[in-house]
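One structure is given below, encoded as structure tokens.
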Amino acid sequence: MMHGTPSLQPVLGNDRDRLEDLVELINALIAVVSEENAALAKGHPASQSRYTEMKIRLGDQFEQWVKDVSRREILLCSPDRALQELVLQRIACLCTAMKENMVRLRAAMAASQRRIDAVMDAIRGQIADASPYNAKGRVNGQSASYAKSVRI
């Protein structure tokens, strides 16, 4: 059993393949997030997003990449400068798409909350209109006393 710092040697596969796999994963994430952003921009509720499951799955894969790189289990170095620049550019694009996604998701959740509040207000209004008592506990409308119709 070995202890100490992890090996600085790359894990399985060559550097170019790993970087290309990472670019492919990032592109898939960007595509899903961009599609969700377009749906949210059209006013679709966040709760009805069909992209959530795919976003979670791809996000988990990306998170694993980040963990592996931070633990130096995978090295993302390559003599191919153009490929390294592509990775950085795609990561920057993903960050931009995710920032927009957060803004749109917050707006969609706020809109959903406003709809819920409006429905609850309507329900409360209907309940209040149907109740024989007002907010102060007094009887609404005519008095419920039967004494005024009794003659002695």
Side-chain angles (χ1 to χ4, degrees), residues 1-138 140-141:
M1 186 167 163
M2 291 180 53
H3 296 285
T5 57
S7 168
L8 295 179
Q9 295 302 310
V11 179
L12 301 175
N14 69 43
D15 298 333
R16 182 170 185 80
D17 289 345
R18 275 196 307 281
L19 286 176
E20 288 173 350
D21 289 346
L22 179 58
V23 169
E24 187 177 314
L25 174 61
I26 293 169
N27 285 339
L29 259 169
I30 291 169
V32 169
V33 170
S34 296
E35 287 179 35
E36 183 177 49
N37 288 345
L40 292 170
K42 292 177 184 175
H44 295 273
S47 63
Q48 294 180 354
S49 176
R50 61 180 200 186
Y51 305 100
T52 304
E53 184 180 327
M54 178 67 81
K55 212 169 58 167
I56 289 170
R57 188 176 61 77
L58 292 171
D60 288 346
Q61 290 176 14
F62 187 74
E63 183 179 5
Q64 188 60 50
W65 268 94
V66 171
K67 285 178 184 177
D68 291 345
V69 169
S70 67
R71 290 187 300 231
R72 294 188 174 175
E73 292 175 11
I74 294 178
L75 297 178
L76 295 179
C77 56
S78 171
D80 187 344
R81 281 286 194 218
L83 186 56
Q84 286 182 342
E85 287 298 318
L86 177 62
V87 170
L88 295 176
Q89 184 267 335
R90 299 315 293 158
I91 289 173
C93 186
L94 177 60
C95 286
T96 301
M98 291 303 294
K99 286 177 185 175
E100 179 184 348
N101 191 247
M102 291 301 300
V103 169
R104 292 196 181 280
L105 283 171
R106 283 187 184 115
M109 287 187 292
S112 292
Q113 187 61 52
R114 286 191 300 274
R115 284 190 289 274
I116 290 168
D117 291 344
V119 168
M120 292 305 294
D121 286 345
I123 291 170
R124 284 186 201 103
Q126 286 179 351
I127 290 171
D129 291 344
S131 175
Y133 301 99
N134 65 21
K136 295 181 181 181
R138 304 257 184 227
N140 281 329

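Residue numbers start at 1 and run along the sequence shown.
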Subject >> Close side-chain approach of Asn101 to Leu40, heavy-atom, < 4.5 Å >> reply: yes
Subject >> Arg124 and Asp121: CA distance, side-chain angles, deciding distance, side-chain contact (heavy atoms from CB on, under 4.5 Å) verdict >> reply: CA-CA 5 Å; Arg124 284 186 201 103; Asp121 286 345; 3.0 Å; yes
Subject >> Heavy-atom pair of closest approach, residues His44 and Ala108 >> reply: O-CB, 4.4 Å
Subject >> Full working for side-chain contact (heavy atoms from CB on, under 4.5 Å) between Leu105 and Glu36 >> reply: CA-CA 9 Å; Leu105 283 171; Glu36 183 177 49; 4.2 Å; yes
Original post:
Judged by atom type as modelled, is there a donor-acceptor pair below 3.5 Å linking the side chain of Ser70 to the main-chain atoms of Lys67?
Top reply: yes
Original post:
Hey, does Arg57 have a side-chain heavy atom less than 4.5 Å from the side chain of Asp60?
Top reply: no
Original post:
Measuring from Leu86:CG to Ile91:CD1, what's the distance to the nearest 0.5 Å?
Top reply: 10.0 Å
Subject >> Residues Asp117, Arg114; criterion salt bridge (charged side-chain N to carboxylate O under 4.0 Å, His left out); working and verdict >> reply: CA-CA 5 Å; Asp117 291 344; Arg114 286 191 300 274; over 6 Å; no
Original post:
Does atom CD of Gln61 have more than 12 heavy-atom neighbours, drawn from other residues, nucleotides or ligands, at distances under 6.0 Å?
Top reply: yes
Subject >> Interatomic spacing from SG in Cys95 to CD1 in Ile30 - rounded to 0.5 Å >> reply: 9.0 Å
Original post:
For the residue pair Lys55 and Leu29, what are the closest heavy atoms and their distance?
Top reply: O-CD2, 4.3 Å
Subject >> Among Ile26, Val32, Val33, side-chain contact (heavy atoms from CB on, under 4.5 Å) partner for Leu58 >> reply: Val32
Subject >> Spatial distance of atom CD (Glu100) from atom CG (Asn37) [nearest 0.5 Å] >> reply: 4.0 Å
**OP:** Drop me the distance from Ser34's OG to Met98's CE, to the nearest 0.5 angstrom.
**Re:** 10.5 Å
**OP:** Please step through side-chain contact (heavy atoms from CB on, under 4.5 Å) for the pair Thr52 and Ile56, ending with a clear verdict.
**Re:** CA-CA 6 Å; Thr52 304; Ile56 289 170; 3.8 Å; yes
**OP:** Evaluate the side-chain hydrogen bond (donor to acceptor under 3.5 Å, both in side chains) criterion for residues Gln64 and Asp68: first the C-alpha distance (whole Å), next the side-chain angles of each, then the deciding distance (0.1 Å), finally the verdict.
**Re:** CA-CA 6 Å; Gln64 188 60 50; Asp68 291 345; 2.8 Å; yes
Subject >> Distance (rounded to the nearest 0.5 Å) between Arg90 CZ and Leu19 CG >> reply: 14.5 Å
Subject >> 4.5 Å side-chain heavy-atom contact, Glu35 and Arg50 >> reply: yes
Original post:
Is it the case that more than 12 heavy atoms not belonging to Met54 sit under 6.0 Å from its CE atom?
Top reply: no
